[in-house]
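A quick write-up on the structure given underneath.
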Amino acid sequence: MSGTFRKQFFPQATARDWQDWQWQLSHAFRTRAQLERVFTLTEDERAAFAQTAKPFPLSITPYYASLMNPADPHDPLRLTMVPRGQEHRLGTGEFWDPLGEDAHTPARGIVHTYPDKVLFFATDFCATYCRYCTRARVVGSGKLTAPNATWEEGLRYIAEHPAIRDVLVTGGDPLTLADARLDWLLTRLRAIPHVQILRIGTKLPAVLPQRLTPALVRMLRRHAPLWLSLHVTHPNELAPAMQRACNRAADAGLPMVSQTVLLKGVNDDTATLKRLFEGLVALRVMPYYLHQCDPIVGSAHFRTPVATGQQIIRELHGRTTGFAIPTLMLDAPGGGGKVPIGPSFIEGRDGAELLLRNYEGRIYRYHDPA
Ligand SMILES: *Cc1c(COP(=O)(O)O)cnc(C)c1O
């Protein structure tokens, strides 16, 4: 499929160019005119470009675009990437910084909300910009990090706080950094004695799987225990190139988990998410979190009621591999942190007995010791 796409829209490019992640980045769709070479934009999509209030960048790698049906304005991946008019609307309960991260930033490029783990923003650059991004206020802006000095400040903060045992390197997408720079950063983090585990948050296995070269995977492996946390959205992402990338990482011994944002019209039904989560398990990626979409400004058209996610998890329970079911999470506005929001299978209590609802909806009683 991507071969046909390449020949149609990038006739000068060789198969080798297509496999080159730098080529993919330098040919990403970043303007309306570039998008229109492939997609017939709807009126609403065209209108979104006329608005300038939201300086949130656009970028779609040719590879990721090749996974979308250009004739279908409701293509699930397209809905997450191509701007729509609604993203310029401020909805009820929406914020520029929904997680209150700026208030938990004790050093530049660090978010320290929980006692023993921090976020480390390695870059503000992404290969593709998700329209519902919780860091839309900073990604692609140059505001998140100006490397070197900023990195040193973050490294010093972590070194001076022995309670920090878990560093989640994120951004932006850290795997967009060159091997040598990322290796340098991970080496410095590893040299801090109290840092036990490293994690990297990335969407590249889905949008730019060419980035997971043998050399990158070997380098990451040297910094074990290092976990990859993959941002995935829809089973259409689980294409052969992503399968090869995940196999390479798993064969190298890199443990992988996934995070998915629940998005209206994109993945908010049980059948779609079941295919996604089962597909991930087959790629040796454990579904970790299903996130209620954060109330970032201009994201109301993506947000489902909390009950939707609860119903999906309820329907998956008992009907697939237990570890194919992620935890449903809501990040409390104002810096409250992540809260698991169910669903609960405890129906209530009858005296000393708990009333439990099983996967078939039947009620069972359990004597709960005092
Ligand atoms: C999500 C998050 C983490 C990591 O949380 P886990 O539940 O351990 O995956 C750490 N810090 C911040 C600020 C976060 O938002």
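Counting convention: from 1, in listed order, for ligands and their atoms alike. We use all heavy atoms of the structure for the numbers below, so side chains are in, but hydrogens, waters and symmetry mates are not. As the structure is a computational prediction, the values presented were derived from the model and not from experiment.
Both L67 and W23 belong to a common hydrophobic cluster when Ile, Leu, Val, Met, Phe, Trp and Tyr are linked at side-chain heavy-atom distances under 4.5 angstrom.
Closest to atom 7 (O) of ligand 1 among all protein heavy atoms lies Y289 OH, 2.5 Å. Scanning all protein heavy atoms for the shortest distance to atom 1 (C) of ligand 1 gives K338 NZ, 1.2 Å. The nearest protein atom to atom 13 (C) of ligand 1, hydrogens excluded, is given as T113 OG1, 3.3 Å; this is a heavy-atom distance. Among protein heavy atoms, atom 9 (O) of ligand 1 sits closest to Y288 OH, 2.6 Å.
A salt bridge between R319 and E315 is absent, with no side-chain N of the basic residue lying under 4.0 Å from a carboxylate O of the acidic one. Classification of R165 and D116 as a salt-bridged pair holds, one side-chain N sitting under 4.0 Å from a carboxylate O. A salt bridge links D183 with R222: at least one charged nitrogen is closer than 4.0 Å to a carboxylate oxygen.
Against a heavy-atom cut-off of under 4.0 Å, V111 is close to the following atoms of ligand 1: 13 (C).
For M329, the closest heavy-atom approach to ligand 1 does not fall below 4.0 Å.
Listed here is the closest heavy atom pair of L226 and L254: O-CD2, 3.9 Å.
At a 4.0 Å heavy-atom cut-off, ligand 1 touches R199 through the side chain alone.
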Apply salt bridge (Lys or Arg N to Asp or Glu O under 4.0 Å) to residues D269 and K274 and explain how you reach the verdict. CA-CA 9 Å; D269 65 275; K274 187 170 189 286; over 6 Å; no
